[in-house]
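We use all heavy atoms of the structure for the numbers below, so side chains are in, but hydrogens, waters and symmetry mates are not. Lettering of chains follows the sequences in order, A, B, ..., and the numbering in each one begins at 1.
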Amino acid sequence: MAVPTTSSLPAPPAGLSRAQLLELYRWMRLTRTLEERLVALYRQTKVIGGLFRSLGQEACSVGSAYALERRDVLSPLIRNLGSMLVKGAEPIEILRQYMAKGDSPTRGRELNIHFGDVVDRNFVGQISHLGDMVPVMAGVTLTFRMRGEDRVGLVYVGDGATSTGAFHEGINFAAVQRCPMVVVVENNGYAYSTPTNRQTAAARLVDKAAGYGVPGVRADGNDVLEVYAVTRAAVDHARAGGGVSLLELMTYRRKGHAEHDSQSYVPPGEIETWAATNDPIDRYTARLTGEFAFDPSELTAIDAEVRATVDAATDVAEASPPCDGPDALRGVYVDPASMPTLWYRGDATAAVVAHERPAGWGTHDG
Amino acid sequence: MAVPTTSSLPAPPAGLSRAQLLELYRWMRLTRTLEERLVALYRQTKVIGGLFRSLGQEACSVGSAYALERRDVLSPLIRNLGSMLVKGAEPIEILRQYMAKGDSPTRGRELNIHFGDVVDRNFVGQISHLGDMVPVMAGVTLTFRMRGEDRVGLVYVGDGATSTGAFHEGINFAAVQRCPMVVVVENNGYAYSTPTNRQTAAARLVDKAAGYGVPGVRADGNDVLEVYAVTRAAVDHARAGGGVSLLELMTYRRKGHAEHDSQSYVPPGEIETWAATNDPIDRYTARLTGEFAFDPSELTAIDAEVRATVDAATDVAEASPPCDGPDALRGVYVDPASMPTLWYRGDATAAVVAHERPAGWGTHDG
Amino acid sequence: MAEITFVEAIREALAEEMERDPSVFCLGEDIGRYGGAFKATDGLQARFGEHRVIDTPVSEAAIVGAAAGAAHYGMRPVCEMQFIDFVSCAYDMLTNYVATARYRAMLPCPIVVRGPSGGYVRGGPFHSQNPEAAFLHTPGLKIAYPATAEDAKGMLKAAIRDDDPVLFFEHKYLYRRIKGTMPAGDHLVPLGKARVAREGADLSIITYAATVWKALDAAEELERDDGLSVEVIDLRSLLPLDDDAIVATVKKTNRVLVVHEDTVTGGIAGEITARINELCFEWLDAPVRRVAAHDVPLPYAPPLEDFVLPQTSDIVRASRWLAAY
Amino acid sequence: MAEITFVEAIREALAEEMERDPSVFCLGEDIGRYGGAFKATDGLQARFGEHRVIDTPVSEAAIVGAAAGAAHYGMRPVCEMQFIDFVSCAYDMLTNYVATARYRAMLPCPIVVRGPSGGYVRGGPFHSQNPEAAFLHTPGLKIAYPATAEDAKGMLKAAIRDDDPVLFFEHKYLYRRIKGTMPAGDHLVPLGKARVAREGADLSIITYAATVWKALDAAEELERDDGLSVEVIDLRSLLPLDDDAIVATVKKTNRVLVVHEDTVTGGIAGEITARINELCFEWLDAPVRRVAAHDVPLPYAPPLEDFVLPQTSDIVRASRWLAAY
Ligand SMILES: Cc1ncc(C[n+]2csc(CCOP(=O)(O)OP(=O)(O)O)c2C)c(N)n1
Ligand SMILES: Cc1ncc(C[n+]2csc(CCOP(=O)(O)OP(=O)(O)O)c2C)c(N)n1
Ligand SMILES: [Mg+2]
Ligand SMILES: [Mg+2]
């Protein structure tokens, strides 16, 4: 896969302050450092289940989420750890969740970064089924439009997820309803082992936009400022009542689908080229210290602070209690709030005695 | 809704002979006459279930199906009676099916024109769930490509059906696989009561083509020769290994969704305008007798022959036997070929006596 | 109070709840200006506006998914499936996204998915379905299937107010054939509670939806011709099932017929039989037996449909078997 | 003959059938070059070519629909769901299109839809499902769920040759944990036939898939500690169910525990209980009882998953109850 072409030169820091430029850097660095920590914990078998990396894609998550206000709603996928951090998810939550701790955001019910908070920080807990979050976010943003609230929603899909019926139904529904929604297609070249050209015959995923009657923009997903700028424009468009936009962010998945994946299907050199020439953090670092004249020490200070933050969170997470089995029965419904424990969990003989029988029913001897 | 714009002037009779020009006329006339007969039978309550008309859309069905060879496969929808006739369905089959006769093609299992023949005439029995036939036809045509057979498939969808996930998944799959498949979107302005602009925000349904990386053509669906020409080109393209095409045929549904529908939602005058100025049979008649210099008597002779055919078929269909209840249990599986009749169909007391009990099990007295 | 039909009861429920609570809104295909394929939402768009009675594209997964999203942010959406047969297109969304929302992510998801279901109407295999059993093993969902106009109204209102997602099946055979007089005021019928549709002492028929009426006809006939006293239990809610009501009738009559319109294999009668075994096996004087549809897709032609679906005469014969056992 | 794992048995079955019959082909996500998420199709694309081992877009409905279309025209497609949890996205296609094809339109539809299912692997709610019960009331489908490597191979080969559509569940917990020695030659195990996994006289455990192994462990423990002789029936096929095998074991032991990994409510145990009631109620010396998962979406954290799913100790305790009854 070739290095993506940039549709335009990076915009100047689109109304961002210098502090914000550093903040973007910090979110990308935090994403990467936290994921590296998760890899270490995974190797120690402390992470339970698969581990999904966004290495090399951090600019997509961070740049796009940064374009949202706190009241706006974000729907992340497994490679959007960075978006969730920007939206207010805490490293400790991520760590506890990956380690299946009893005080994790889902109390052990769900894995990795499948969790959300629609009350305060406004990101929605995803499910695994690809595409399903698009209709859901159509409904979230329909609500804002119906109630006249000044809020926008952003939903991510991968190149693979664009093939799902749910994606199609959701974006079409939202487009007709002019929902204030931004759909970000994070085209990282692969869906698991399947390259994008086996996923669709379309020349560009953004070519789908016209079929839904919405504007479409393709951008360099490894340029955090460009990602921010195009997302910000789409968010503004949505906020102004313009409805749905489709963004295609060109990036590259440098790690396997999950940690276990050997990436045997990737052409030799492809990963190395991207790593060497198109790492979003490297590129941004160069710009910050070059074009924007930050002193490198400002960035290393951030790196150190991030590492300390992740270290501290790791210590707390490791000390977190495991889940408690019977808690599994709580919270399926509001009413009833708990499901009963099954009949055989207890003393068998006592249960036979307790088992109700009609009067006159004798002890049965087979 | 405005009269559709024609993307190009009608082609001259695209390699068609004069006999074929008359054949096209006959299929359209047969479609309309047969549907009118069904309306009469419906009013006599001899048609069981809903009745779906293609009045004013006959050119879409006939012109497109006429572009196929017998070995090619067609997947019709409820408004494609004309296509099925072209593909070899007999009026008697249609009549028996609508009247739920025991010798109908599905032996009473399915209704209206939900039936097929994949052995000889090559059209596939549809189901009601919109969009589902698109993946199915992707598989049919994938098979032809895999086996190197010189066969093409054509699948219809309505404007409404383009909103389904199945449509999206099916056309995308077929496009990636370069299946020899033509997708015909019959845009008749409505899905039940929903106008196309509430179905999609896209300016034109054909704008979806680019999103699947396939060529898209919009054509005047009420010009049978144009329909034939664009379909023929797409079929040739598929046959030559070019893969999927998407055609949008602009037409208008002059009757309600089904016979019971009052069309209260249609703006006043809209139906009348289409009927007066854009009836596909009227337009074709004018061309045949004008541009192609057929004598009107040649057409009235066809009309009479068609009427006689439908009359004769009606007589036979009316005399056809009804279905036989127990036949319902046959044919769910190849193995077992029949399902058992349930236990209570028979004499209750005898069944109690016959009911097996262990030796020594006394008559129970409650 | 005048009698109204089942479908009018549905419409009243929707109107009353939309009136009462501005967070209630409806979405579905052709439900707005047209008022729905069965006119269940007739007049609601004129009364409540286009943004509270939304005509959607033909996209069942999007309808249900959007409802879920709206529900997370405080709305109480009511989705219409034009025919409940099309809920299969939203199966993933319902079973994976909606049903698990609260459990996996503490997402409130108070939605109702309603639509016309059931056979006896010559609708053929795709306009006659009873898909309730497919959802029975999905914790997080509730399932309602009323048989009377009163319950249709009272349970739909309860479903809309319920904080959990509810699948609400409306038997289209009953829409215009069944009438009822609505209790005055805010008429609510709680979910999860069965109803004794007819008291009896000799045997029990446990059923729901359209076959409640067939069971009542059968009970009448059995009383008249055989002198049998048949109790008919209308389950009304299928998830949760009203175990207390099931146990009570078993303990009373000791003989049980479970009747439903869905196929015998895999229908809800299996679950009911298992619960009876677990909760009150010792009270049984005969095996629990099922009357249900034959295991075939529902065919369209009248003689075939009549053969496949359970009829009153089947219930009568099966009851005689049980009584004679 | 060397032992091979369950997943290798699957692969052997696929390879042998593709070798034997050129109309057999595979399609699914990442099954080609990558060999599938669980490597069930590893090496098949290299051996049989790209057009017989097809990597598809992420489109379960299209995978199943395309398989059906191919089957109408003489092919025998084998679809892989990357995880069986995603079969929900093809629910409409399977239950409405595929299952009815022969009945409604005389369309041959010999497809197999296979994929890794089941829990005990910390996969969480969307990578651990057992959706078999959702398909049980769909006439036209067959359902296979083998527990041994031998059956995995023999039944998959039989499923591919079957002229009807088959859902084929492969428990991922067994993929690499269970091994077997394949019989020489063309090893076929017929669909629709259960297997006596262990002979016994005092009580019967009827089960399938991963819990067969837990039932066998429990039987061992009960024999050792309680002197109980427990029969274990491995159903293998869930649709059609092997009534003869069920009746035979009931008549032999008179006490039945039905065990499965799916939730208790709406799981297949209900259907089995109903059939026992209908066919051999009079042979029961105790109520039929169920051991199954708690009625919650399957949680991910080990203590939660362990609590929710049936464990060997649960089967032991429930068996003691039955024996003491
Ligand atoms: C409906 C559905 N089918 C299959 C899967 C299995 N699956 C998980 S991730 C994945 C690939 C996703 O690719 P893409 O959308 O490009 O996202 P990426 O992993 O590249 O970020 C697949 C097929 C799924 N989660 N959902
Ligand atoms: C999946 C699905 N949802 C809903 C329906 C109900 N339905 C039947 S026809 C129809 C409208 C179809 O409109 P369109 O596709 O434009 O075809 P037309 O009737 O105009 O030919 C609807 C919504 C259906 N058949 N399938
Ligand atoms: Mg990707
Ligand atoms: Mg239309």
Highest number of heavy-atom pairs under 4.5 Å with chain C: which of [options]?
options: D:Arg290, D:His294, D:Met93, D:Glu60; value: D:Arg290
options: D:Thr263, D:Thr265, D:Leu239; value: D:Thr265
options: D:Ile276, D:Leu241, D:Asn277; value: D:Asn277
options: D:Pro139, D:Ala269, D:Gly267; value: D:Pro139

Can you measure from [atom1] ([X]) to [atom2] ([Y]) and round to the nearest 0.5 angstrom?
X: C:Asp295; Y: D:Leu136; atom1: CG; atom2: CG; value: 9.0 Å
X: C:Thr100; Y: D:Leu298; atom1: OG1; atom2: CG; value: 12.0 Å
X: D:Tyr325; Y: C:Glu282; atom1: OH; atom2: CD; value: 3.0 Å

Enclosure of C:Lys193 NZ (heavy-atom neighbours >12, cutoff 6.0 Å):
no
Closest non-hydrogen atom pair, [X] against [Y]:
X: D:Gly266; Y: C:Glu271; result: N-OE1, 2.8 Å
X: C:Pro299; Y: D:Tyr103; result: CG-OH, 3.6 Å
X: C:His137; Y: D:Asn130; result: CE1-O, 3.6 Å
X: C:Glu278; Y: D:Val288; result: CG-O, 4.1 Å

Passing option when D:Ser88 is tested against C:Asn96, C:Thr138, C:Thr95 for side chain to side chain donor-acceptor pair (under 3.5 Å)
C:Asn96
I would like to know whether C:Thr273 and D:Arg275 meet side-chain hydrogen bond (donor to acceptor under 3.5 Å, both in side chains); could you show each step before the answer?
CA-CA 9 Å; C:Thr273 309; D:Arg275 293 197 182 197; over 6 Å; no
Closest-packed option against chain D by number of heavy-atom pairs under 4.5 Å, given C:Cys280, C:Ala134, C:Cys89, C:Ala90:
C:Ala134
Among C:Gly270, C:Pro240, C:Ala61, C:Pro297, which residue has the highest count of heavy-atom pairs closer than 4.5 Å to chain D?
C:Pro297
Side chains of D:Tyr97 and C:Phe126: does their closest heavy-atom pair fall under 4.5 Å?
no
